[in-house]
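When a ligand or atom number is given, it counts from 1 through the structure's own listing order.
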Amino acid sequence: MNFGREHVIEPGSNVRLSKIKSQQTGPFEGKDAAREFTAETNDQIRDLQYRLFVEQKQSLLVVLQAPDAAGKDGLIRKVLGRMNPQGCRTYPFKVPTKEELAHDFLWRIHKCTPGKGHVSVFNRSHYEDVLIVRVEDLVPKKVWDRRFEIINHFEENLACAGTRILKFYLHISLEEQLERFKKRLDNPEKHWKLNTGDYAARDKWNAYREAYEDAITKCNSKDAPWFVIPADHKWYRDAAVAGIVRDTLEEMDPKMPPVEEDLDEIRALYERELAELEGKK
Ligand code: AMP
Ligand code: MG
């Protein structure tokens, strides 16, 4: 089954998040069918990623952005983190350190982009520098406003070097976020995830939405497209992203390299050793 692609935002179009329903469930009637699809698709992703790793010619960068509690961590746990860790790494981008702030905003990001054969998953990214930075007024407008163009050049540079880029915005409603904050409050295992800053950001929901719409609209290209993933249903979110990642890896079509060693010679050596061992019995 091929689906998920319908959530792409066409480059050049103006995204309006309020027009996109966050409760969509696509072709699935319920969670069981979606979870089955995700499990099968995860297996296909792993096989394709193995070929990507062996081929060593292309790379994949997955960028995750979302309001708090939209499910970046869950998506990594259930889909993206299931790839072979030898060729896949996740990078969380937090409030920049003093050293990071002493550099340009892409300094910490560029170091984490995937080399040939590798996959990088960004849990938050360079987009924070036109999102929280804008809404919280951390730098003047004239500084963050130039960053859209800088980001476009940066992503174009990565694409030219053989990196496919997929950017996912996990789209949840204000009501669903409140529900998830409540579940966190009720579950001591999740208390560490709660902070007053996240709660305060709810008051700025519209400002964040505007900032996201601007970032998605201005930094969206064929080589680095944005997908707005309906994420009120966790099982739909996982299935949709898994489907898109699988389809993208299929399109990249990584190939096993041609065999350069003389296999006949290796086989003859093996058979000779086997015969010697048999002779000693
Ligand atoms: P979390 O991902 O929930 O652990 O939280 C990380 C926090 O770091 C979020 O509130 C982000 O908005 C914040 N953050 C990430 N990157 C930046 C940045 N470049 N400038 C300021 N805050 C950031
Ligand atoms: Mg958080």
> Can you list the steps and then say if Glu128 with Arg124 is a salt bridge (charged side-chain N to carboxylate O under 4.0 Å, His left out)?
Replying inline: CA-CA 7 Å; Glu128 292 292 326; Arg124 302 187 189 272; 3.0 Å; yes
>> Do the side chains of Arg5 and Glu250 get close enough for a salt bridge, i.e. N-O under 4.0 angstrom?
In response: no
> Roughly how far apart are Thr25 OG1 and Tyr236 OH, rounded to 0.5 Å?
Replying inline: 7.5 Å
> Can you list, by chain and residue number, every protein residue with a non-hydrogen atom closer than 4.0 Å to ligand 1?
Replying inline: Asp68, Phe93, Lys94, Val95, Pro96, Arg108, Arg124, Glu128, Asp129, Ile132, Val133, Leu138
Show me the side-chain donor-acceptor pairs of residues 130-156 shorter than 3.5 Å, one per line, residues at least two apart or across chains.
residue	atom	partner	partner atom	Å
Arg134	NH1	Asp214	OD2	2.9
Glu136	OE1	Lys204	NZ	2.9
Glu136	OE2	Lys204	NZ	3.2
Arg147	NH1	Asp129	O	2.9
Asn152	ND2	Phe148	O	3.4
Asn152	ND2	Lys218	O	3.0
Glu155	OE1	Tyr127	OH	3.3
Glu155	OE1	Lys167	NZ	2.7
Glu155	OE2	His126	NE2	2.9
Glu155	OE2	Tyr127	OH	2.8

>> Does Gln23, at its CD atom, have more than 12 non-hydrogen atoms belonging to other residues, nucleotides or ligands within less than 6.0 Å?
In response: yes
>> I'd like to know if the side chain of Arg89 and the backbone of Ser120 have a donor-acceptor N/O pair within less than 3.5 Å.
In response: no
> Hey, what's the ring geometry for Phe122 with Phe93, parallel, tilted or perpendicular (30° and 60° as the breaks)?
Replying inline: perpendicular
> Near the Mg ion (ligand 2), meaning under 2.8 Å, how many protein N/O/S atoms are there?
Replying inline: 1
>> Can you list everything that forms a side-chain contact (heavy atoms from CB on, under 4.5 Å) with Lys183? Sequence neighbours excluded, please.
In response: Glu179
> Please walk me through it: do Ser22 and Asp232 pass side-chain hydrogen bond (donor to acceptor under 3.5 Å, both in side chains)?
Replying inline: CA-CA 6 Å; Ser22 52; Asp232 276 0; 2.9 Å; yes
